[in-house]
Structures are given as structure tokens and as C-alpha cells.
Amino acid sequence: MDLPFEPYRIKVVERVPLISRERRLELLQAAGFNVFKLPSEAITIDLLTDSGTSAMSDKQWAALMTGDEAYACSRSFDDFADTVRALFGFKHVIPTHQGRAAEGILFAVTLGRNSVVPNNIHFDTTRANVEHLGAIALDCVVDEGLDPDLELPFKGNMSLTKLGAAWEKYGPERIPFVMLTITNNSGGGQPVSMANIREVSDFCREHRVPLIFDACRFAENAYFIKMREHGYSERSIEEIVKETFSLGDGCTMSAKKDALVNIGGFLCLNRDDWAEDATNLLILREGFPTYGGMAGRDLAAIAQGLREVQDFEYLRYRIGQVARFGQELQERGVPILKPVGGHATYIDAKTALPHIPQGQFPAQVFTAALYLEAGVRGVEIGSLMFEHCDPDTGELVNPAMELVRLAVPRRVYTHTQLAYVAEAAARVVASGRQLRGLEIEWEPPALRHFTARLRPVGGGDFIAADSSA
Ligand SMILES: Cc1ncc(COP(=O)(O)O)c(C=O)c1O
């Protein structure tokens, strides 16, 4: 695979922190083996998330300077709303400070305690926002999407069988809408095909239930459709994006991903009654309907970012860089989820650390070890994040996969820096048997992965003195 060509040049640089292994160990212990609590000055390469970590373009920085900060009906809002409408095609555009605020507002006006929301896989904040209202967040991804070794083009697809079964079981009284996350972050950043979007849309239209996209990575999903789906190679990204959204009735959007900004989000809806209720709640929680928790300059940067993200050359570099990173990991013997996702590569921690049982958080162990090894921060997407209660049996259920997500910020790191990460991950795999499992020392009632404290099982050192541990 050729090195992906960066279709930009660098204008501003930021010094990367380099600190000693001894200091990293001290910081890891002080953070309760939770990398969310590490100071960013102690991170050499930060792959915790691709959310809000993009480098903005010169045009976006220029747009910030021209942002209109009027409280009501600013010029920046008009430009933002026109851009979103032209691109997404939905009737109502409601700005929010980030994606989860859009989710929280939509769910508050549509869900009751009995409700059920099917999705391919709910992202953690989406699941938490649904469950916070006492409703059920149901994952309906195709079975292939849960097998880390299967090389298939669209592992983010929703299973129509699972969706149909959910409809049979809960019916229209309990399912107010269906969601589809493009690309499917929690299932490995895997795309959803246009054929699948159309099937889900047909199902929803037949049953008169709205389809709402979780649209964070809509442009990356469109790129995969263009490159992988029969009949789309000659279609432009803009055309594919328009077709995608024409099949739904609204979306939640975190602008921190495919709008290439550091903060922002929005909710789009076609239904007037939902939009009215959402706008009333927006005023209560976020702000006036023409800024919704953002500054005018943020709206201006989002509008510019949404125009830039559809550039084919940008997307080719973006997806190519992540794919190349995955290849570097594989060539060094690090087991990864296949195929490589759009915004991240995911290390398969069950395979990398087979001696650590799922109850001892193998993906969190790998995440901590990677920081210790090279100052690289990834994030656990496994039992720490997703253990949950089965709504029918009340039993605790672990997710099928234990993944370490290495999310690549947009337009930020070079190939050399990602090769450094791949080498470090290979050293963790090679010395993996020395690593001890982790147990919870303290956890909050919801979204525990953000703030929980962990410790090596039974106390003692994180790295055992001999490999028989
Ligand atoms: C698929 C998906 N949905 C929703 C969100 C929430 O967005 P935000 O972090 O802006 O609240 C994220 C964030 O990572 C995401 O990846």
C-alpha cells in the first residue's frame, strides 16, 4: 500500500510531550489505570478520540474571525443552517453544543420509560442517554459485525432480521424511531452500505416509524460507499451524502467529527411537532434556537468544515492514513479488527492478551500498557465501557468484543508518528504475558469508563515479575 498523500501543508505546529517511563508509571497509578484521567501534557501521541481533535484549516480559522456573535438570528447561524440544509436536506436544523446534547434533547421529547430504540450499535453516550430515561437501547448490527476476523466491506450494517424481531416484540407503541449510526463507531468504525440504509429506510417507511441517523461520520461512510459498493464509484461524495439522508427523517450530529471542528453539534428533524418540542427544550438547556450552546464563530467554522469534509482528496488521504496504520499494526503481529475502520483501528485485546479473562478487562489492560510503553493514549471499548444489564433477564452482559480503539485525529499526526505507535503496540503484544488483569476499585453509577478507578487484580504490580503470573 502506498503512503497516503496529505492534500495540505502544515502552517502551525505544536510540540509533542516526551516523558520518561518511570513518570508514566507514576501517572498511570495515580490515574487508577484510567487513561481518561491522565494529563494531556503527559501524552506523546493522543489517539483517545477523533472527536473534537481535528486540525482546522486556514479557511476555518478565518471563518472564526468573521463569526457573528449576535444573540439572535446571527448571520453565522443562517450560513450554518443553509449549509446543513443543503447537505442533509432535513427541514429543521437545531444547533446544540455537541452530539450528546442533540441526543439528549431528541430522546427527552420522544422517549418514555417503556420505549425501545433499535440502532446498529448505540454509541456509549447514545446508549446512556436512552437508558437515563428508563428506555431500552437495542443493538441490531448484523452478526458479521461482531466477528473481528471477518473481512467484509460493510460490517456496520443493521440486521433486518433483528430489527423485524424487535418490531414484533415491542411494536409501534414502544418504538418511536429507529437509529442508524454511520459509520458504526462502537462496532469498529465499520461503514453501512447504501443498500442496507435503503432496506432499513423501506422497513421504517412501511411501518411508519421515523429513521434517525447518528451522522457523526457521514462523509467517511459516503467515501466507503463510493469505494466499495457496486454502482457508486462514479458518484460524487455530495451525491452519496444527499442520497443517504434522503432515506431518513432526521439526524443527531456531533460536529466534532466530520465537521472538522473542536466543538459543536446539531439535531435535524423533518417532523414539525418533534422539532417544536425539541426547540422549546433547547432554549431551556442549551440556548436560543439560533446558537444552541455555541458561539457564532463555532457555527461559522462548522459551515466551512462541512464544505471541506466532502473533498474526495481529503477523504482518500483520511481513510488511507487509517488503513495504512492498521496495516503497520498487522505487519508487526498486532491483532486488529478487520477490515480497518474509517476513523480508527481497533486492537483485538482478547486475542492479544489471551491469559486475561474478560472479567479482568483485557482491553483496559492493553490500553494502560500502551501508555506505559510509549506515552500513547487509546481507549477501551469493551466490558469497562459496555457491560450492561440484560433488560429481559436482569443479568450483567459483557460485549462480544474487547477492543482498544486507536482513533486518528483528522489532519493531525504524520505517518512516522503512527508507525511509532504500531511499534509500541507490537512490544506490548510481545511482552503481554507479564501484564496483570485489572479490577474496579471505584465506579460511578453511569458511563463508568470515564471516571472509574482500577487496580491490578488482588493488588500488587501491574507488570508481574515473571511471565507465569
Ligand atoms: C457515533 C457517535 N455518536 C455520538 C457521539 C457523541 O458526540 P459528542 O461527543 O459530540 O457528544 C459520538 C462521539 O464520539 C459518536 O462517535
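Every number for a ligand or one of its atoms is a count from 1 in the order of the listing. All residue numbers in this chain count up from 1 along the given sequence.
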message = If we only consider heavy atoms of Gly265, is any one of them less than 4.0 Å away from an atom in ligand 1?
response = no

ask   = Among Arg410, Lys256, Lys257, which residue meets the salt bridge (charged side-chain N to carboxylate O under 4.0 Å, His left out) test with Asp50?
value = Arg410

query = Is the gap between the ring centers of Phe266 and Phe80 under 6.0 Å?
reply = yes

ask   = Is the centre of the Phe218 ring less than 6.0 Å from the centre of the Phe88 ring?
value = yes

key: Shortest protein contact, atom 10 (O) of ligand 1 (heavy atom only)   = Ser254 OG, 2.6 Å

task = Hey, can you tell me if Tyr291 and Phe288 have their rings parallel, tilted or perpendicular (30° and 60° cut-offs)?
result = parallel

message = Please tell me whether His122 and Asp214 have a donor and an acceptor in their side chains that are separated by less than 3.5 angstrom.
response = no

request  = Run the numbers for me: atoms of ligand 1, each under 4.0 Å from some heavy atom of Arg100, listed by number.
outcome  = 7 (O), 8 (P), 9 (O), 11 (O)

query = Where the closest heavy atom to atom 12 (C) of ligand 1 is concerned, which of His343, His122, Arg217, Lys257 has it?
reply = Lys257

query = Which of the numbered atoms in ligand 1 are below 4.0 angstrom from a heavy atom of Asn185?
reply = 1 (C), 15 (C), 16 (O)

ask   = Do you know the tightest heavy-atom contact between Gly341 and Phe224?
value = C-CZ, 4.1 Å

inquiry  = Return the closest protein heavy atom for atom 4 (C) of ligand 1 as residue, atom name and distance.
reply    = Glu103 OE2, 3.1 Å

Within reach of ligand 1, part of Lys256 (heavy-atom separation under 4.0 Å) = side chain

key: Which residue and heavy atom of the protein sit nearest atom 5 (C) of ligand 1, plus the separation   = Phe123 CD2, 3.4 Å

